[in-house]
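Both ligands and their constituent atoms are indexed starting at 1 by order of listing.
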Amino acid sequence: MAEYVKLIYDGKTYELPLVTGSAGEKAIDITKLRQTTGLITLDPGFANTGSCSSAITFMDGEKGILRYRGIPVEQLAEHSTFRETTFLLINGKLPNREELDTASERLNQTSLVHEDMHIVFQNFPRNSHPMGILSSMVTALRSFYPELPVVQEEINITVMRLLSKLRTMAALSYRISVGHNIVYPRHDLSYCANFLNMMFNSPVKPYHIDLDIVKALNIFWILHADHEQNCSTSAVRVVGSGRVNLYAAVSAGIAALWGPLHGGANQAVIEMLSGIKESGKSLSQIVEKAKDRNDPYRLMGFGHRVYKTYDPRAKIMKKTCDKILGKLKISDPLLDLAKKLEEVALKDDYFIENNLYANIDFYSGIILRAIGIPTNMFPVMFAIGRLPGWIAQWKESMDDPAWRLSRPRQIYTGPVEARYIPIDER
Ligand code: CMC
């Protein structure tokens with residue numbers, strides 16, 4: 001039986017339908033609200049707004065649950081690879097062996113970046129942030145790979161190109177930024193191993209591929225692969241709703257991810273930890289500073305819009321961190337500092353009352369440092385990981401008959417009507 005919520009306004013009663021998701025969460029359907037009542041809703045930051053229905057990722061922020069297509073992220077991190085998880089997110093099911101082999105072959109075929117693009121990469125100023133370069137170059141892909149006339153073929157090839165080339169382009173921008181030779185992708189290497197080789201192989205010291213590092217990178221990217229309607233994914237959907245090409249929509253996602261409150265937080269955590277170490281301040285002083293409402297300082301890598309308990313990804317990240325540092329016999333003082341800081345924060349009333357726990361970014365940077373990734377590349381690593389999610393969400397939106405141009409409204413608070421004053425009378 002259909003359920004409704006009653007809204008009483010201006011002496012009239014309106015019935016707004018209730019929508020129930022497959023895991024039981026409920027929403028008020030307000031699609032006819034303005035048409036029937038003249039009202040709109042106001043929800044800064046969209047904390048109470050469902051922007052779409054989606055069958056891709058399920059999150060329960062109170063219980064700390066994250067599932068891709070119904071499969072718990074813990075199981076995927078343990079048993080799957082990033083390539084397989086990518087297939088799952090985009091196609092809605094785990095691939096069989098043949099499907100996975102075909103997808104790998106297509107990724108290999110599309111892994112090279114047009115040679116003329118190398119010239120563009122070379123001409124960015126040396127100290128440009130790699131996220132800015134990546135976002136620009138992803139849009140530029142449209143110029144180098146023009147649209148195909150058959151829609152389905154165009155979508156399939158664009159998806160493969162993005163998945164394969166983003167990884168090549170990330171490594172390319174790093175090599176150029178440090179003035180090293182370009183390492184091309186190799187046909188015989190897996191997705192993650194190929195990336196590591198493109199980043200670190202050198203004519204004077206061949207890169208040794210360590211399977212434990214490959215596994216850690218797979219876990220890192222699996223944990224980042226989707227997170228329902230977060231800031232960058234919403235950017236991809238909003239920009240995509242104008243029916244731009246997928247390159248442009250993904251480029252918008254990269255730009256949105258760059259910020260320190262979102263994908264830039266992994267870089268910000270390492271900078272914060274280094275700053276604490278250098279400052280000589282005690283951890284309780286740092287926590288006090290983060291709590292001060294008159295001080296913009298926050299504990300980076302803490303808190304989340306949806307998780308009001310421990311971020312399930314952070315648990316896996318912390319475990320992987322200990323494992324990889326142990327295996328590589330690295331003792332990172334920032335890891336010890338991070339653990340101590342977490343301990344102090346988790347005992348603090350402010351953090352307890354506001355449900356502020358460590359999120360995925362708190363430990364992820366330590367793993368990336370151990371692998372040898374430079375700090376300003378951390379958000380790029382997040383972007384490669386989030387790409388399958390962006391693509392899956394974009395595809396879902398394009399296939400959704402209810403999908404419309406994203407165009408929120410507002411409550412206007414400026415002057416109702418003002419007179420134009422000629423410049424000499426002002
Ligand atoms: N340090 C200190 N205070 C905090 C923090 C923090 N990290 N996070 C939230 N608060 C405060 C916040 O100011 C608010 O206080 P008040 O009520 O006085 O205004 C209170 O805690 C409740 O915050 P909230 O409503 O839960 O926060 P939000 O949903 O608006 O913001 C957030 C979520 C992630 C932007 C925020 O927690 C933050 O800035 N964290 C640090 C940046 C970070 O780690 N970002 C990565 C998020 S995970 C990766 C991703 O998915 O993008």
Side-chain angles (χ1 to χ4, degrees), residues 43-49 56-62 64-66 68 73 131 220-236 252-273 275-276 283-318 338 341-342 344-368 375 378-390 393:
D43 186 20
F46 309 122
N48 305 283
T49 298
I56 301 169
T57 288
F58 173 72
M59 280 175 80
D60 183 326
E62 270 67 38
I65 294 173
L66 175 62
Y68 300 155
V73 76
M131 281 297 262
F220 175 90
W221 276 338
I222 288 170
L223 295 180
H224 285 86
D226 195 43
H227 217 217
E228 50 121 300
Q229 308 314 317
N230 57 84
C231 175
S232 56
T233 302
S234 298
V236 169
I254 296 171
L257 190 71
W258 191 354
L261 298 190
H262 191 15
N266 49 16
Q267 177 176 347
V269 168
I270 296 297
E271 288 164 357
M272 172 190 76
L273 292 172
I276 296 174
L283 293 180
S284 6
Q285 279 175 308
I286 294 296
V287 168
E288 284 310 311
K289 189 170 163 59
K291 285 156 55 173
D292 183 354
R293 291 194 165 95
N294 299 315
D295 189 327
Y297 188 83
R298 284 180 165 201
L299 279 198
M300 301 315 283
F302 259 80
H304 198 274
R305 173 62 57 80
V306 181
Y307 294 124
K308 297 304 163 203
T309 181
Y310 212 94
D311 179 342
R313 305 167 301 170
K315 265 189 212 158
I316 306 171
M317 208 56 103
K318 190 175 180 182
L341 179 58
E342 188 188 2
V344 176
L346 289 184
K347 281 188 195 137
D348 190 279
D349 283 348
Y350 171 93
F351 282 79
I352 296 168
E353 278 155 25
N354 285 300
N355 298 310
L356 301 172
Y357 295 86
N359 60 48
I360 188 168
D361 294 309
F362 197 64
Y363 287 104
S364 66
I366 312 262
I367 296 184
L368 295 177
T375 314
F378 289 3
V380 167
M381 299 298 286
F382 194 148
I384 301 172
R386 185 53 55 86
L387 182 63
W390 289 335
Q393 301 270 352

How far is [atom] from its nearest protein heavy atom, and which residue and atom name does that atom have?
| atom | value |
| --- | --- |
| atom 1 (N) of ligand 1 | Leu299 N, 3.1 Å |
| atom 23 (O) of ligand 1 | Leu356 CD2, 4.7 Å |
| atom 18 (O) of ligand 1 | Arg293 NE, 2.3 Å |
| atom 22 (C) of ligand 1 | Asn354 OD1, 3.9 Å |
| atom 30 (O) of ligand 1 | Arg305 NH2, 3.4 Å |
| atom 34 (C) of ligand 1 | Gly303 O, 3.7 Å |
| atom 51 (O) of ligand 1 | His304 NE2, 3.5 Å |
| atom 2 (C) of ligand 1 | Ala290 O, 3.5 Å |

Notebook entry, point to check: Okay, side chain of Arg305, backbone of Gly45: is any donor-acceptor separation there less than 3.5 Å?
Noted result: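 Side chain of Arg305 to backbone of Gly45: a pair is present.
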Item checked: Any donor-acceptor N/O pair, Tyr363 side chain to Ala358 backbone, under 3.5 Å ->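 No, because the side chain of Tyr363 does not come within donor-acceptor range (under 3.5 Å) of the backbone of Ala358.
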Notebook entry, point to check: For ligand 1, which atoms sit closer than 4.0 Å to a heavy atom of Ala265?
Noted result: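 So the answer, numbered in order with elements, is 43 (C), 44 (O), 45 (N), 46 (C).
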Next item on the list: With heavy atoms of Gly301 as the reference, note each atom of ligand 1 found under 4.0 Å away.
Entry: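 By the 4.0 Å cutoff, the relevant atoms are 43 (C), 44 (O).
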Next item on the list: For the pair Tyr307 and His227, name the ring-plane relationship: parallel under 30°, tilted 30 to 60°, perpendicular over 60°.
Entry: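 Aromatic pair Tyr307/His227 classed tilted.
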Can you tell me if [X] contacts ligand 1 (heavy atom of the residue under 4.0 Å from the ligand)?
| X | value |
| --- | --- |
| Asp361 | yes |
| Lys308 | yes |
| Tyr350 | yes |

Item checked: Glu62: side-chain hydrogen bond (donor to acceptor under 3.5 Å, both in side chains) partners, not counting sequence neighbours ->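 Result, side-chain hydrogen bond (donor to acceptor under 3.5 Å, both in side chains) vs Glu62: none returned.
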Taking every non-hydrogen atom, the tightest pair across [X] and [Y]:
| X | Y | result |
| --- | --- | --- |
| Met131 | Ile254 | CE-O, 3.5 Å |
| Asn266 | Phe378 | ND2-O, 3.2 Å |
| Ala235 | Ala256 | CB-CB, 3.8 Å |
| His262 | Leu257 | NE2-CD1, 3.5 Å |

Among all the protein's heavy atoms, is there at least one whose distance to [atom] comes out below 4.0 Å?
| atom | result |
| --- | --- |
| atom 25 (O) of ligand 1 | no |
| atom 8 (N) of ligand 1 | yes |
| atom 16 (P) of ligand 1 | yes |
| atom 28 (P) of ligand 1 | yes |

Notebook entry, point to check: Less than 4.5 Å apart, any side-chain heavy atom of Leu356 and any of Leu299?
Noted result: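 No, every pair of side-chain atoms sits at 4.5 Å or beyond.
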Item checked: 4.5 Å side-chain heavy-atom contact, Phe382 and Asp361 ->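 They are in contact (side-chain heavy atoms under 4.5 Å apart), so the answer is yes.
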Check: Which of these, Asp292, Asn359, Val306, has its nearest heavy atom closest to atom 47 (C) of ligand 1?
Finding: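 The option holding the nearest heavy atom is Asn359.
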Notebook entry, point to check: Of Arg298, His262, Lys289, Glu353, which has the heavy atom at the shortest distance from atom 13 (O) of ligand 1?
Noted result: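 Closest candidate by heavy-atom distance is Arg298.
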Next item on the list: Answer side chain, backbone, both or neither: which part of Leu261 comes under 4.0 Å from ligand 1, heavy atoms only.
Entry: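 Looking at Leu261 and ligand 1, atoms from backbone and side chain both fall under 4.0 Å.
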Notebook entry, point to check: Any chance CZ of Phe46 has more than 12 other-residue heavy atoms, nucleotides or ligands included, within less than 6.0 Å?
Noted result: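 It does not: Phe46 CZ has 12 such atoms or fewer within range.
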Note to self: Could you go through Trp221 and Met381, starting from their C-alpha distance and side-chain angles, then the distance that decides it, and tell me whether this counts as side chain to side chain contact (heavy atoms under 4.5 Å, CB included)?
What the structure shows: CA-CA 8 Å; Trp221 276 338; Met381 299 298 286; 3.7 Å; yes
Notebook entry, point to check: So, is Met300 polar-close to ligand 1, with some N/O to N/O distance under 3.5 Å?
Noted result: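 No, Met300 has no N/O under 3.5 Å of an N/O on ligand 1.
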Margin query: Using a 3.5 Å cut-off on N or O atoms only, is Phe302 in polar contact with ligand 1?
Written below: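 Yes; the residue has a nitrogen or oxygen that sits under 3.5 Å from a nitrogen or oxygen of the ligand.
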Next item on the list: With sequence neighbours excluded, tell me which residues meet side chain to side chain contact (heavy atoms under 4.5 Å, CB included) with Val236.
Entry: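 In terms of side chain to side chain contact (heavy atoms under 4.5 Å, CB included), with neighbours along the sequence ignored, Val236 is linked to Ala249, Trp390, Trp394.
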